[in-house]
Amino acid sequence: MREELETGEIDVITGMIYSEKRDRYVDFSQTHSTIFHSIFIKKTDPPIKHTNELKGKEVIVQESDIMYDFVKEMGIENIITSNSPESSLRFLAVGKGDYALAIENQGLYCIEEMNLTNIKITGSSFQFSEYCFATKEGNKVLLEKLNEGLEILKKTEEYTKIHKWLSGLKPHSKIAVYLE
């Protein structure tokens, strides 16, 4: 989808995590949600408390996802990529890889929906990210309309009614815990 957006095949992605690197290729709206990421493990494995414990392990992430960028920047070499958060968690559930990184609420939803009884979250959320609309670089007109629409929603309180549809997740009330 990122490639289709960058080439102009599609006009907008409703949920993309902002990063400075990504901002070079696409334009981002104002933030419409905050996303929390977590580490998922097999229930039989000991919990981990620090992201440094990922080093030397096989880590499953969605290809082109912000977590892929995260593990690359950490210097993790044993990366298993998947095409979706569901696939990442399925891989982990069947023993492919040591850990999976995913959006916390999305991962919990997948575990429940797919009945993955042998995996769980370990530790606290370790990173929060700004979730935005993304448009092709330079599409200022569409970006302004999206930002204007978000402002109207927030001012009329409609935003609270539709927040879960914008983010694809339930609103999150946790405080993020940052691990180095």
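Numbering starts at 1 and runs along the sequence shown.
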Tyr18 and Phe28 aromatic ring geometry - parallel, tilted or perpendicular at 30°/60° bounds: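 Ring orientation of Phe28 relative to Tyr18: perpendicular.
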Sub-4.5 Å side-chain heavy-atom contact between [X] and [Y]:
X      : Y      : value
Lys136 : Asp27  : no
Glu6   : Val26  : yes
Ile39  : Leu54  : yes
Gln62  : Leu101 : no
Phe40  : Ile111 : yes
His37  : Ser129 : yes

Ring-face cation contact, Tyr99 with Lys57, 6.0 Å cut, 45° max: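 No, Lys57 does not sit over the ring of Tyr99.
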Residue pair Val12, Leu142: steps toward the side-chain contact (heavy atoms from CB on, under 4.5 Å) verdict: CA-CA 9 Å; Val12 65; Leu142 179 57; 4.3 Å; yes
Considering all heavy atoms, the nearest Glu86-Cys110 contact: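 Glu86 and Cys110 have their closest heavy atoms at CG-SG, 3.5 Å.
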Residues in side chain to side chain contact (heavy atoms under 4.5 Å, CB included) contact with Glu148, at least two apart in sequence or another chain: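 Glu148 satisfies side chain to side chain contact (heavy atoms under 4.5 Å, CB included) with Ile152 once adjacent residues are dropped.
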Check ion pair Asp69-Lys72 (N to O, under 4.0 angstrom):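 Between Lys72 and Asp69 there is no salt bridge, as every charged N stays at least 4.0 Å from the carboxylate O atoms.
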